[in-house]
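Numbered from 1 within each chain, the chains take letters A, B, ... in sequence-line order.
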Protein chains: 2
Amino acid sequence: MSDAPTAKDAPTAKGRATRARIVEGAAEVLRERGVAVTTLDDIRSRTGTSKSQLFHYFPGGKDELLLAVAQFEADRVLEDQQPHLGSLDSWESWQQWRDAVVERYERQGDHCSLGALFLQVGRLRPGARAIVTQLMRQWQEQLAHGMRALQDNGLVSPALDADRTAAALLAGIQGGVAMLMSTGDSMYLKAALDSGIDHLRAATVEPVRA
Amino acid sequence: MSDAPTAKDAPTAKGRATRARIVEGAAEVLRERGVAVTTLDDIRSRTGTSKSQLFHYFPGGKDELLLAVAQFEADRVLEDQQPHLGSLDSWESWQQWRDAVVERYERQGDHCSLGALFLQVGRLRPGARAIVTQLMRQWQEQLAHGMRALQDNGLVSPALDADRTAAALLAGIQGGVAMLMSTGDSMYLKAALDSGIDHLRAATVEPVRA
DNA sequence: ACCCGTCTGGACTTGCCGGTCCATTTTTCG
DNA sequence: CGAAAAATGGACCGGCAAGTCCAGACGGGT
């Protein structure tokens, strides 16, 4: 599914640019106004395109466009955590990553594009679920990788189950973000991150104290 | 805001029954088919009511009805965790509660009524945010209360910040549920719960091991 | 029996929004 | 340059679903 050109990938240079403009513009307006209330006309006017272009590049209609936006947003999620997420091999880097995550989602304010997107397109399209599933798997993998790096550096006990702990931390992040969206308070996200890292710290090879 | 009759609370006995029937029926159909695709006609046919009744009991239209359903669902969330959530004073009760939570959300399948609801009605209505905020506060409070009970029973170190740990655990639950919805895998939820409880166990007054 | 407020049924209106269609312009390529 | 393919503009359609309205049924209080 990754080597197929998906039909609309490369007709011409201009075409590709327009398509990209549509996806990015759609992502913006969706982030600002929410999926539920955004119409094709909103996207059209924001991106300076015409109805026919929308359907030219996304023959599947609105659903296909939303799916493309979801993929676009999903790609950004992990990118925005770099370079920290890629090198979680010391306590400092974990802390930096933690701050980057908090900052990213606090800035994003109260609109979770992805969350809303796959709640809208949701369980109908199998494609949507695949996007989320893959994103989560990669995310969890990177966290687990970082934990193993700590273990390799002798900072964390090898007894710790990195995959399981990474899953728990990831769940905490997701929930923290969700609660930031719905309550406007980032305290839950911070608590989840700090608590997760504390959990690692508590599993040092040499317990700091009794 | 809690002592005001909200105008439509008690016109007559029959009226109250009909109103309740509408809310419950709407909750059912929303859970089954999702907010995005559910129309007033779906609710109408499910509850055996007419259009005029819907607007008679919810003059504010669909939004007001959805809000009422959100409140209804929010009330169920904590109820469904009883009696365990109310008496988290031993390791066994924590475990029982943990199992109850997993079971509840695994059964619920892949439709998060509440989540979808306040993503739909969402940030527009201030009322929606209030419902979620209050639910989360109560939930967190109960968890923190349980943690303090463990402390009082000498099972957990008094040094532990119950409120913060409860916030982190709650975030983990929320994220775990969200990921259960979107990926279909309850592993994240279980990991979050177990990891959170482990975190408590690691803070026993007498460290189990070195 | 009566009256009045509540409750109910369902036809009707209205506006919106996804999707279609064709005419026109621009680009590519031999 | 010229033709074919791609890209673009925008009018138009059709359906659907929210919301309106009025006519009538019920039911309790005097």
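- Close to C:dT8, at under 4.0 Å from its OP1 or OP2, lies a side-chain N or O of B:Thr18.
- Rounded to an integer number of Å, the gap from CG of A:Leu40 to P of D:dT8 is 17 Å.
- For the pair A:Met147/A:Asp163, no side-chain contact is recorded, criterion being any heavy-atom separation below 4.5 Å from C-beta on.
- Distances were taken from every side-chain heavy atom of A:Lys62 (C-beta onward) to each of D:dT8, D:dA18, C:dG19; the shortest belongs to C:dG19.
- The pair B:Asp198-B:Arg201 does not count as a salt bridge, with every side-chain nitrogen at least 4.0 angstrom from each carboxylate oxygen.
- For the pair A:Lys14 and D:dA7, the criterion of a side-chain N or O lying under 4.0 Å from OP1 or OP2 is not met.
- Between A:Gly60 and B:Ser50, the residue anchored nearer the 5' end of DNA chain C, judged by the nucleotide with its closest heavy atom, is B:Ser50.
- The distance between atom CG of A:Leu54 and atom P of D:dT8, rounded to the nearest whole Å, is 11 Å.
- Side-chain atoms of A:Phe55 lie closest to C:dT20 of the nucleotides C:dG10, D:dA7, C:dT20.
- Residue B:Lys51 has no polar side-chain atom (N or O) positioned under 4.0 Å from OP1 or OP2 of C:dG10.
- The residue B:Thr39 sits close only to the backbone: its heavy atoms come under 4.0 Å of sugar-phosphate atoms, none of a base.
- C:dG9 atom C1' lies 10 Å from atom CZ of B:Arg44, rounded to whole Å.
- Going from atom CG of B:Asp63 over to atom P of D:dA17 covers 16 Å, rounded to whole Å.
- Between the side chains of A:Ser93 and A:Gln96, no donor N or O sits under 3.5 Å from an acceptor N or O.
- In this structure, A:Arg16 atom CZ and D:dA6 atom C1' are separated by 13 Å, rounded to whole Å.
- Close to C:dC7, at under 4.0 Å from its OP1 or OP2, lies no side-chain N or O of B:Gln53.
- Between the C1' atom of C:dG15 and the CG atom of A:Asp41 lies a distance of 13 Å, rounded to the nearest Å.
- With contacts defined as side-chain heavy-atom distances shorter than 4.5 Å, the pair B:Trp91/B:Leu150 qualifies.
- The shortest distance between the side-chain N/O atoms of A:Tyr57 and the OP1/OP2 oxygens of D:dA6 is not below 4.0 Å.
- Contact annotation: the side chain of B:Arg137 approaches that of B:Gln134 to within less than 4.5 Å [non-hydrogen atoms, C-beta and beyond].
- Among residues at least two apart or in separate chains, side chain to side chain donor-acceptor pair (under 3.5 Å) pairs with a member in residues 20-29 of chain A are A:Glu28-A:Arg46.
- B:Ile43 places its CD1 atom 12 Å from the C1' atom of D:dA17, with the value rounded to the nearest Å.
- Between A:Trp97 and A:Trp94, the distance from one ring center to the other falls under 6.0 angstrom.
- Across its full length, the helix from C:dA1-D:dT30 to C:dG30-D:dC1 shows an angle of 10° between the axes of its 5 terminal pairs at either end, rounded to 10 degrees.
- Considering only side-chain atoms of A:Pro11, the nucleotide from D:dA6, C:dT20, D:dG19 that sits closest is D:dA6.
- Set against D:dT8, C:dG9, C:dG19, the side chain of A:Ser52 has D:dT8 as its closest nucleotide.
- Taking both residues in full, the closest heavy atoms of A:Gln174 and B:Gly175 are given as CB-CA, 3.8 Å, listed atom of the first, atom of the second, then distance.
- Atom pair B:His56:NE2 and C:dT6:P shows a separation of 8 Å (rounding to whole Å applied).
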